[in-house]
Engineer: 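Handing you this structure, nothing more for now.
Every chain is numbered from 1 and lettered A, B, ... according to where its sequence line falls, protein lines coming before strand lines. Quick caveat, the model's predicted, so the values are computed rather than measured.
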There are 2 protein chains.
Amino acid sequence: MEREPSTQRWSMDEEDVSGDVRMVPHGRSLLSSSMVGSANRGRVLQTLFDLGPTSRAELARLAGVNRTTISGIVQPLLDQQVLVEGEPIRPSEAGGKPARPLWFSPDARPICGMMLMPDAVHTCLVTLAGTLSAEHSVRFPDNPKIADIERAIERCTSRTLASARREPLGIGVAVGGMVDTDRRAIIAVNLAPVMNGFELGDMLARRYGLPALLDHHPRALLVGDRWFGKGRGMQNFAAVYTGEVLGGALYLGGHLYRGRSGAGGELGHTFVQVDGEICSCGRRGCWETIATVGWLRRQARAIGIDAPDEINSRRLVALAGAGAPGARDLLDLYARNVAVGIANLQQTVAPNFYVLHGDVVGGGEIMAEAIAGHVRALVPSRSGGEISFAIGETEDRAALLGAAGLVLSELLQFPL
Amino acid sequence: MEREPSTQRWSMDEEDVSGDVRMVPHGRSLLSSSMVGSANRGRVLQTLFDLGPTSRAELARLAGVNRTTISGIVQPLLDQQVLVEGEPIRPSEAGGKPARPLWFSPDARPICGMMLMPDAVHTCLVTLAGTLSAEHSVRFPDNPKIADIERAIERCTSRTLASARREPLGIGVAVGGMVDTDRRAIIAVNLAPVMNGFELGDMLARRYGLPALLDHHPRALLVGDRWFGKGRGMQNFAAVYTGEVLGGALYLGGHLYRGRSGAGGELGHTFVQVDGEICSCGRRGCWETIATVGWLRRQARAIGIDAPDEINSRRLVALAGAGAPGARDLLDLYARNVAVGIANLQQTVAPNFYVLHGDVVGGGEIMAEAIAGHVRALVPSRSGGEISFAIGETEDRAALLGAAGLVLSELLQFPL
DNA sequence: TCTTGTTAGTATGAGGCTCGCACAAACATT
DNA sequence: AATGTTTGTGCGAGCCTCATACTAACAAGA
């Protein structure tokens with residue numbers, strides 16, 4: 001019954017804060033026994049995330065392994081207070097020793113989530129159970145220099161980190177712009193070009209001695225959904241963000257999909273209308289030209305809807321419900337425009353499940369159902385089964401959870 | 001210096017011929033030491049495929065592991081005559097013991113590749129080094145019944161298998177139609193509906209006692225490219241097939257990507273022209289409506305090109321070279337139409353490398369360059385680096401190698 | 001109250017795998 | 001002939017999972 005305390009740790013390599021966060025196999029490297037340890041630990045934690053509080057025996061059954069294996073994996077995590085044992089749950093009628101469900105300890109090391117937008121920075125702490133705290137935000141001054149932005153980020157982050165009772169596992173950043181995930185730097189933020197080339201990851205790592213991960217906003221939304229939201233437990237799904245711009249991200253085969261240095265998922269600029277309307281990117285017929293609130297505003301103006309500059313999914317659904325002339329048709333057309341791109345995605349990688357983010361969230365179930373109906377009509381049948389949809393968290397919360405999710409993905413998804 | 005012969009084997013589980021071929025981890029299962037063995041064996045063989053003949057020491061260096069590890073993995077494979085040691089190669093000026101490169105033995109168990117088309121079946125043997133032999137084909141009678149087709153397949157396969165000196169590792173089938181890869185059955189062959197629902201995999205497994213794997217034609221082309229062709233050693237790339245229809249397949253993150261039960265890669269029916277021409281699938285504006293030889297024939301007729309019903313990429317390139325009126329513009333337009341769909345694929349998953357198959361192969365480098373130029377113009381810059389293109393093998397050879405590649409993928413890609 | 005059956009979690013030894021080290025074999029150079 | 005370099009092979013150590021056996025904690029029934 002006595003156990004030696006283990007020396008195993010659950011964290012990223014802290015010696016290597018500024019370098020490559022992952023000291024992992026990739027390319028042609030082989031596996032070793034110690035990697036099996038890390039990988040299995042990650043998988044057990046992942047199952048726990050997906051299922052909620054679960055006993056060792058149950059975990060062993062689901063994984064198809066021996067109970068002792070789970071005990072061996074889980075015990076060090078209990079010692080480090082990553083996990084805690086919950087109250088015993090009553091056994092079934094068959095009797096037996098009551099199971100002690102395992103769950104993430106509120107005293108576990110938190111994750112720092114950051115959302116970096118062109119005009120402001122938001123930070124918070126996220127527990128492994130998915131609760132937010134210590135939210136702070138700092139707006140940038142007008143026409144900021146990069147030093148102003150650095151200062152704002154540092155002030156915001158420091159406030160949040162001051163609330164952490166234990167050292168955070170890392171800092172995840174959702175960036176409203178293009179990101180080089182390998183270099184952990186910002187490539188371009190359209191509305192704030194001063195940030196272009198900003199090596200935010202290295203700055204945070206140096207300043208706070210924590211691993212820092214960047215990714216662009218839609219991808220953060222996806223991992224947020226995966227660990228804390230509607231994508232929980234999914235092996236394949238996509239997140240689609242609509243708003244002023246259009247973005248998306250893919251979770252394929254149980255892994256966040258990133259193309260080379262973070263390319264891929266630039267769905268807004270796929271063609272759906274060769275030689276169609278001109279897009280902000282200079283090309284013609286991008287999906288973005290027909291499935292953003294910009295398009296919605298133009299159409300609303302054209303058919304004479306009240307206050308067309310303030311139209312969005314929420315108002316459109318309300319107007320359609322109230323029977324405003326043309327609103328119902330416009331809603332249907334907007335939904336179809338969004339659906340066209342999703343149908344293409346379905347035909348291409350068949351994730352079969354979509355979490356909707358951004359503007360359409362305001363439209364609620366009515367908007368989601370309208371989109372879903374069109375997608376199902378646009379995709380030939382028997383292309384891999386049912387297609388389902390979910391509505392994401394509200395905007396800021398989704399992005400902050402997602403930012404934290406970036407760190408979790410790195411910790412849990414030992415890339416074999 | 002003495003070694004005990006090993007009992008390890010390199011093959012799929014032969015006890016389980018009719019059931020699920022892979023007795024492997026999936027979903028929430030954990031890793032074990034024996035899986036590390038299988039996985040590493042697969043990885044070593046994969047690097048060997050990618051690099052050509054390579055010594056143990058070199059393999060160890062590339063994988064970043066101890067030489068003894070490679071020796072331990074490789075020795076059983078030598079015992080089983082999967083691999084052979086080549087002639088010693090001269091050491092460098094620094095001296096040292098000459099290295100013995102390892103390569104696939106010509107006496108290794110071959111793979112049976114099969115291509116099943118609406119009107120005929122082709123079979124052959126493929127060595128691990130990628131050489132074809134024992135090619136046979138049998139045409140089906142007119143208006144065949146399923147029994148006729150079964151008989152033809154059996155006759156063809158038996159002839160090929162009779163030439164095998166050792167028992168093949170398995171039978172891979174490239175099917176010109178929709179396939180359920182899990183059930184190893186044919187879902188639908190448009191031009192031969194009699195095959196719909198045909199459980200070919202189980203039939204072959206029962207009849208020949210060999211593992212049998214089915215996949216649809218474009219996906220077979222992809223794995224053929226991956227193991228034996230232009231995609232050798234690639235971690236991310238796509239295969240695109242154009243002809244009477246349009247198809248594609250994806251290799252992402254070092255793995256063949258299949259959506260649920262083999263969906264995904266139905267690229268022909270992605271929208272590139274909302275409300276465009278009507279497609280054979282009944283919807284409007286599919287990529288297939290503007291990037292197949294059907295479109296090419298219609299255009300050729302419209303602009304008065306000679307013998308428009310016999311136009312294809314090969315003739316079009318020849319006509320354009322000869323200065324036939326309109327041919328040059330038509331070629332450019334055709335290339336752009338093909339490029340549109342590829343650009344969408346690049347924006348979505350960014351494979352960055354494309355192997356072209358089917359009709360465009362006949363157009364050679366000129367056609368490929370035309371397509372490449374358009375894709376590069378259509379994809380916004382800095383979306384993940386250079387995009388490159390290659391031309392696949394000729395049609396039958398590509399499909400047969402690909403069919404064999406299906407079996408190899410299963411053997412090498414131990415799915416962790 | 002005592003016995004039987006069931007389930008949860010733990011200790012222990014066996015077996016697989018990779019790793020580091022030491023060593024023999026086979027070359028080039030001086 | 002001596003020295004240095006590289007390849008490939010035993011051998012024991014360390015890490016991991018697995019099967020087995022055992023204790024703890026409950027329900028149901030006599």
Engineer: If you look only at distance, which donor and acceptor atoms sit under 3.5 Å apart when one is on a side chain in residues 90-106 of chain A and the other is two or more places apart or in another chain?
Structural biologist:
residue	atom	partner	partner atom	Å
Ser92(A)	OG	Ala94(A)	N	3.3
Arg100(A)	NE	Gly86(A)	O	3.0
Arg100(A)	NH2	Gly86(A)	O	3.2
Ser105(A)	OG	Asp107(A)	N	2.9

Engineer: dG8(D), dT18(C), dA8(C): which one has an atom nearest the side-chain heavy atoms of Ala57(A)?
Structural biologist: dA8(C)
Engineer: Using whole Å, what does the distance between atom C1' of nucleotide dA26(C) and atom CD1 of Ile89(B) come to?
Structural biologist: 14 Å
Engineer: Take atom CD of Glu87(A) and atom C1' of dA8(C), then tell me their distance rounded to the nearest Å.
Structural biologist: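 Going from Glu87(A) (CD) to dA8(C) (C1'), I get 16 Å.
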Engineer: If you check every side-chain atom of Thr69(B), which of dA19(D), dC19(C), dT9(D) has the closest atom?
Structural biologist: dC19(C)
Engineer: Each nucleotide N or O in nucleotides 1-5 of chain D that has a protein N or O under 3.5 Å away: list the pair and distance.
Structural biologist:
residue	atom	partner	partner atom	Å
dT5(D)	O4'	Ala94(B)	O	3.4
dT5(D)	O2	Gly96(B)	N	3.1

Engineer: So, using salt bridge (charged side-chain N to carboxylate O under 4.0 Å, His left out) as the criterion, who are the partners of Asp225(A) when residues are at least two apart?
Structural biologist: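 Asp225(A) satisfies salt bridge (charged side-chain N to carboxylate O under 4.0 Å, His left out) with no other residue.
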Engineer: When you measure from the side-chain N and O atoms of Arg67(A) to the phosphate of dA19(D), is any distance below 4.0 Å, counting only OP1 and OP2?
Structural biologist: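 Checking dA19(D) against Arg67(A), no side-chain N or O comes under 4.0 Å of OP1 or OP2.
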Engineer: Starting at CG of Leu59(A) and ending at P of dT7(C), how long is that distance when rounded to a whole Å?
Structural biologist: 18 Å
Engineer: From the list dC19(C), dT10(C), dT7(D), which nucleotide is the closest neighbour of the side chain of Ala99(B)?
Structural biologist: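 Nearest to the side-chain atoms of Ala99(B), counting from C-beta on, is dT7(D).
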Engineer: Between Thr68(A) and Pro91(A), which residue's closest nucleotide on DNA chain D lies nearer the 5′ terminus?
Structural biologist: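 Closest to the 5' end, via its nearest nucleotide, is Thr68(A).
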Engineer: For Glu58(A) and dA8(C), what is the distance between atoms CD and P respectively, to the nearest whole Å?
Structural biologist: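 Distance, rounded to whole Å: 8 Å.
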Engineer: Sequence neighbours left out, what passes ring-ring contact (aromatic ring centres under 6.0 Å, His included) with Tyr251(A)? Give chain and number order.
Structural biologist: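 Tyr251(A): ring-ring contact (aromatic ring centres under 6.0 Å, His included) contacts with Phe237(A).
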Engineer: Under 4.0 Å: is that the gap between some side-chain N or O of Ser33(B) and OP1 or OP2 of dC16(D)?
Structural biologist: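 No.
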Engineer: Using whole Å, report how far CG of Leu78(A) lies from P of dG9(C).
Structural biologist: 11 Å
Engineer: For dT7(C), take OP1 and OP2 only and decide whether either is under 4.0 Å from a side-chain N or O of Arg61(A).
Structural biologist: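 No.
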Engineer: Which whole-number value in Å describes the distance from Arg41(B) CZ to dC17(C) C1'?
Structural biologist: 12 Å
Engineer: Could you check Asn40(B) against Arg90(B) and say which one's nearest nucleotide on DNA chain C is further toward the 5' end?
Structural biologist: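 Whichever sits nearer the 5' end wins; that is Asn40(B).
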Engineer: How close or far is atom P of dT18(C) from atom CG of Leu31(A), stated in whole angstroms?
Structural biologist: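 Taking CG of Leu31(A) and P of dT18(C), I get 9 Å after rounding.
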Engineer: Who pairs with Ser33(A) by side-chain contact (heavy atoms from CB on, under 4.5 Å), at least two apart in sequence or on another chain?
Structural biologist: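 If we apply the side-chain contact (heavy atoms from CB on, under 4.5 Å) test to Ser33(A), skipping adjacent residues, there are no hits.
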Engineer: Examine distances only and state if a side-chain atom of Thr69(B) and a backbone atom of Val65(B) form a donor-acceptor pair shorter than 3.5 Å.
Structural biologist: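 Side chain of Thr69(B) to backbone of Val65(B), a donor-acceptor pair under 3.5 Å: no, none is there.
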Engineer: So, using side-chain contact (heavy atoms from CB on, under 4.5 Å) as the criterion, who are the partners of Ala249(A) when residues are at least two apart?
Structural biologist: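 Expected list: Arg219(A), Leu222(A).
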Engineer: Do the side chain of Arg109(B) and the main chain of Arg166(B) share a donor and acceptor less than 3.5 angstrom apart?
Structural biologist: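 It does not hold such a pair.
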Engineer: So does Ser71(A) get a side-chain nitrogen or oxygen closer than 4.0 Å to the phosphate oxygens (OP1/OP2) of dT10(C)?
Structural biologist: yes
Engineer: Do Asp50(A) and Arg226(A) meet the salt-bridge criterion of a basic N to acidic O distance under 4.0 Å?
Structural biologist: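 A salt bridge links Arg226(A) with Asp50(A).
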Engineer: In terms of the nearest nucleotide of DNA chain D, which residue is placed more toward the 5' end: Asn66(A) or Pro88(A)?
Structural biologist: Asn66(A)
Engineer: Any side-chain N or O of Gln75(A) under 4.0 Å from OP1/OP2 of dT10(C)?
Structural biologist: yes
Engineer: Taking atom P of dT9(D) as reference, at what distance in whole Å does atom CZ of Arg100(B) sit?
Structural biologist: 10 Å
